[in-house]
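The shown structure was predicted, so the numbers you read here are calculated from the model rather than taken from an experiment. Throughout, protein chains are lettered first and strands after them, A, B, ... in sequence-line order, and every chain is numbered starting at 1.
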Number of protein chains: 4
Amino acid sequence: MADTQENGSGSDSKSARTRRRILDSAAQVLSNKGYAGLRLSDVADLAEVQAPAIYYYFSSREDLIEEVMWSGVAELRKHLEEALDKLPDGTTPLDRFSVAIEEHLRHELDLSNYATASIRNAGQVPQAIRERQVAEENAYGAIWADILRAAQSAGEIRGDIDVHTALMLVFGAMNWTSEWWDPERGDIDDLVSTAKAFILNGLAGS
Amino acid sequence: MADTQENGSGSDSKSARTRRRILDSAAQVLSNKGYAGLRLSDVADLAEVQAPAIYYYFSSREDLIEEVMWSGVAELRKHLEEALDKLPDGTTPLDRFSVAIEEHLRHELDLSNYATASIRNAGQVPQAIRERQVAEENAYGAIWADILRAAQSAGEIRGDIDVHTALMLVFGAMNWTSEWWDPERGDIDDLVSTAKAFILNGLAGS
Amino acid sequence: MADTQENGSGSDSKSARTRRRILDSAAQVLSNKGYAGLRLSDVADLAEVQAPAIYYYFSSREDLIEEVMWSGVAELRKHLEEALDKLPDGTTPLDRFSVAIEEHLRHELDLSNYATASIRNAGQVPQAIRERQVAEENAYGAIWADILRAAQSAGEIRGDIDVHTALMLVFGAMNWTSEWWDPERGDIDDLVSTAKAFILNGLAGS
Amino acid sequence: MADTQENGSGSDSKSARTRRRILDSAAQVLSNKGYAGLRLSDVADLAEVQAPAIYYYFSSREDLIEEVMWSGVAELRKHLEEALDKLPDGTTPLDRFSVAIEEHLRHELDLSNYATASIRNAGQVPQAIRERQVAEENAYGAIWADILRAAQSAGEIRGDIDVHTALMLVFGAMNWTSEWWDPERGDIDDLVSTAKAFILNGLAGS
DNA sequence: GATGAATGAGCTTTCATTCAT
DNA sequence: CATGAATGAAAGCTCATTCAT
């Protein structure tokens with residue numbers, strides 16, 4: 001599944017499908033080899049096209065990578081927003097938080113090379129590429145921060161904790177999973193419940 | 001300090017000092033540009049030598065990088081072992097754990113390009129380089145696992161938690177700090193105490 | 001006018017007009033960028049067609065360029081022949097020569113990208129393209145040589161001068177104008193009269 | 001001789017000789033194939049080095065070409081200045097002019113790929129490269145203009161002629177020779193004397 | 001010990017050209 | 001007639017690496 005996800009929806013003309021294949025391949029290579037290690041020829045091989053065909057769809061290597069990095073976070077956000085929207089009206093902030101943790105982890109580990117590509121390369125990509133991604137990250141972070149603040153107001157988590165620092169520690173614990181978690185050896189349900197317990201206890205505290 | 005740390009001690013002949021400068025520079029470049037993004041010419045510039053001079057000290061680019069990656073973790077372990085050895089005999093596992101968190105964070109953020117280089121590039125480095133680093137990581141992880149298990153036996157943290165998963169979540173929260181924490185804007189003491197509270201509560205749980 | 005000239009006449013079906021537009025555009029690009037610098041995509045943009053459409057009218061890039069280079073001189077010759085034919089029967093060789101100078105200059109500077117394309121790229125085009133152009137050039141040169149020899153016989157210009165060398169010096173003075181003369185800043189009538197005086201005196205001599 | 005000229009003088013260390021060989025080769029290729037047609041691999045073949053070696057001496061293709069274009073005119077000027085300096089004090093402007101014609105032609109035809117490269121590609125090179133060359137051209141043109149004005153003051157040539165236009169016609173006649181004159185078939189002394197007669201008569205006039 | 005000089009492999013990118021539609 | 005899609009070949013350029021000095 002991890003290798004065949006579709007990014008976004010939309011038309012599926014032959015042209016659109018080729019573009020998608022290139023983008024998917026780039027996400028996978030980026031995720032494995034890193035920004036500087038991504039070679040267009042590897043992307044092309046995976047996408048089953050010749051390397052110059054990439055230039056029919058993207059104006060440069062940077063352009064292609066930018067779109068992967070940007071849509072990695074965008075997709076994560078869309079995913080989360082949809083999940084939160086489905087919750088019944090009276091759901092408590094802490095329950096919403098719990099859902100967010102689950103969605104983030106499942107999307108990162110189960111579905112998306114885009115997410116892992118974004119996460120792993122955030123620190124290595126040149127400034128020009130970084131900017132649009134940062135905008136998306138801020139939007140994504142804002143959703144989490146809102147939930148966290150609501151939980152604080154509701155007294156569900158400690159009030160003395162700095163929201164930004166807390167969020168970053170939580171993201172750290174979650175994002176790092178893609179570095180060590182092996183889908184072949186672990187059960188994702190176990191991971192999700194352990195992570196939830198760790199994080200919620202960490203923030204609820206005594 | 002972060003840019004001028006010395007890795008290990010030992011002889012300080014001119015030759016040894018040049019070697020150290022090259023290694024330090026490689027750690028810094030590796031930390032910023034990633035494995036594939038490291039260019040020997042950048043390392044040479046930082047170390048103030050000519051690029052071919054690197055070959056006098058290291059037999060190849062891979063060799064140089066391997067040493068950085070490997071000593072990043074080795075250094076972290078030495079650091080931790082020394083700190084733990086200094087603790088009085090009766091120190092509880094949980095207190096030892098608390099000290100470990102503090103040492104890991106301070107070393108990563110304050111002292112060492114080696115540590116961040118190791119952490120950031122663990123997933124992108126080729127297998128050949130990875131192996132020795134993995135051995136070091138296992139040794140380092142074993143120290144943490146011992147403490148954790150002792151704490152579990154002592155009933156200081158929950159017994160239902162899987163030690164390996166817990167450890168990885170903790171490492172995630174800590175390692176990710178190097179991606180977002182800005183020494184210019186935050187106080188490291190605050191970060192350390194927030195991280196300790198988050199992690200210890202997360203594992204103690206209700 | 002210089003950018004919209006039509007080369008030759010003939011059928012004006014939509015197809016023929018598109019072909020003409022492509023040829024005109026090629027002449028202009030060739031004139032500005034040179035043989036190796038001509039890109040079909042530039043020609044296509046100027047002609048307002050898609051690049052592959054060019055292949056409907058010309059079997060290759062070389063083919064297209066050959067036609068421009070060849071018709072550049074052909075057109076110059078047709079132009080000159082018409083002008084000479086209009087002269088009254090008794091016109092002296094020297095007067096015919098004077099008319100030739102004027103026609104050549106006006107056509108080159110005022111009317112035709114084809115002429116400048118031919119002139120500027122004569123030395124850089126591959127042999128295969130060159131041949132047909134050389135044939136045209138010889139025919140064109142023959143007209144000039146005839147006039148010059150007649151003038152020599154009539155004693156209107158020096159007899160000791162080598163006709164071929166003289167002709168080449170004259171062509172040089174004229175052809176070079178397209179490299180330096182700026183229609184925005186100079187008056188073409190002034191240029192024509194100065195050039196006539198220079199050339200005719202140069203050949204008449206003392 | 002044309003293929004083996006040395007450009008400028010100076011040290012002849014091995015390194016300097018390689019640099020010179022690359023520059024000489026570039027001048028020759030530029031002269032034959034034009035700006036867009038110059039391939040570094042052709043230059044490298046002629047210079048008997050591998051293509052990337054060029055980058056040891058020049059930072060880019062443009063850089064290399066700029067130096068050829070610029071030094072083509074610079075060399076021409078140096079050549080001319082030296083010849084004029086050798087003339088006895090009382091030499092008339094017209095005699096100086098005559099010497100200038102001779103030096104220009106001989107240098108262009110006999111000695112220098114640099115000169116022909118500069119002349120042929122002046123119109124096709126991008127603006128960035130052009131600028132430095134234009135400066136040199138102006139300096140070179142100023143020498144000629146000075147002589148011409150002096151001759152006008154001395155009444156040696158017509159007073160009604162525009163100096164700039166005249167100069168351009170003269171340069172045209174001379175520069176064009178490299179397009180048609182074949183050293184195998186013609187005698188350069190004949191060409192020089194014919195050209196002198198043509199130009200001087202052209203400007204002296206009746 | 002260290003460097004100037006050079007190379008070979010491999011990268012991104014461009015471009016003429018083809019072909020199914 | 002014309003175009004969207006794609007390719008093969010080759011270009012400029014970068015970089016790790018070598019080697020004589």
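- Within the structure, a side-chain polar atom (N or O) of A:Ser15 is placed less than 4.0 Å from OP1 or OP2 of F:dA5.
- With F:dG12, F:dA16, F:dT7 as the choices, the nucleotide that has an atom nearest any side-chain atom of D:Arg61 turns out to be F:dG12.
- The interatomic distance linking B:Arg21 (CZ) with E:dA2 (P) rounds to 9 Å, in whole Å.
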Step by step, work out the salt bridge (charged side-chain N to carboxylate O under 4.0 Å, His left out) result for D:Asp42 and D:Arg39.
CA-CA 5 Å; D:Asp42 288 348; D:Arg39 282 175 301 181; 3.1 Å; yes
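- Between B:Tyr56 and E:dT3 there is no side-chain N or O to OP1 or OP2 distance below 4.0 Å.
- With E:dA2, F:dA16, E:dT17 as the candidates, the nucleotide lying closest to the side chain of B:Ala53 is E:dA2.
- Defined by atom type and a distance below 3.5 Å, a donor-acceptor pair is present between the side-chain atoms of C:Ser31 and C:Thr116.
- Residue D:Ser59 is the one, among D:Ser59 and B:Pro52, whose nearest nucleotide of DNA chain F lies closer to the 5' end (criterion: closest heavy atom).
- One finds no salt bridge joining D:Arg132 and D:Glu67 here, because no Lys/Arg side-chain nitrogen approaches an Asp/Glu carboxylate oxygen to under 4.0 Å.
- Rounded to whole angstrom, the span from the CG atom of A:Asp45 across to the C1' atom of E:dC11 amounts to 14 Å.
- Within the nucleic acid shown, B:Leu64 has no heavy atom closer than 4.0 Å to any nucleic acid atom.
- Contact annotation: B:Ser41 side-chain N/O to F:dC15 OP1/OP2 distance is not under 4.0 Å.
- Comparing F:dG12, F:dA5, F:dA2 by their closest approach to the side chain of A:Lys14 singles out F:dA5.
- Note that C:Arg61 lies in the cation-pi zone of C:Tyr35, set by a 6.0 Å cut-off to the ring centre and a 45° limit from the axis.
- Note: CD1 (A:Ile22) to C1' (E:dT12) measures 15 Å, nearest angstrom.
- Distance NZ (B:Lys33) to C1' (F:dT14): 14 Å, rounded to an integer number of Å.
- Within the 4.0 angstrom heavy-atom criterion, no nucleotide atom of any strand lies near B:Ile54.
- Judged by closest nucleotide on DNA chain F, C:Ala51 is the one of B:Tyr55 and C:Ala51 placed further toward the 5' end.
- One interatomic measurement links the two molecules: CZ of B:Arg39 to P of F:dC15, which rounds to 4 Å at whole-angstrom precision.
- Rounded to whole Å, atom P of E:dT14 lies 13 Å from atom CG of C:Asp42.
- Distances were taken from every side-chain heavy atom of C:Tyr57 (C-beta onward) to each of F:dA5, F:dA2, E:dT13; the shortest belongs to F:dA2.
- No side-chain donor from either of D:Gln127 and D:Arg130 sits under 3.5 Å from a side-chain acceptor of the other.
- Between the P atom of E:dT14 and the CG atom of C:Leu38 lies a distance of 18 Å, rounded to the nearest Å.
- For F:dG8, the OP1/OP2 oxygens have a side-chain nitrogen or oxygen of A:Gln50 closer than 4.0 Å.
- Pair assignment for F:dT21: E:dA2, on the basis of Watson-Crick or G-U wobble contacts that are both within less than 3.5 Å.
- Comparing A:Glu62 and C:Ser60 by the nucleotide of DNA chain E whose heavy atom lies nearest to each, the residue mapping closer to the 5' end is A:Glu62.
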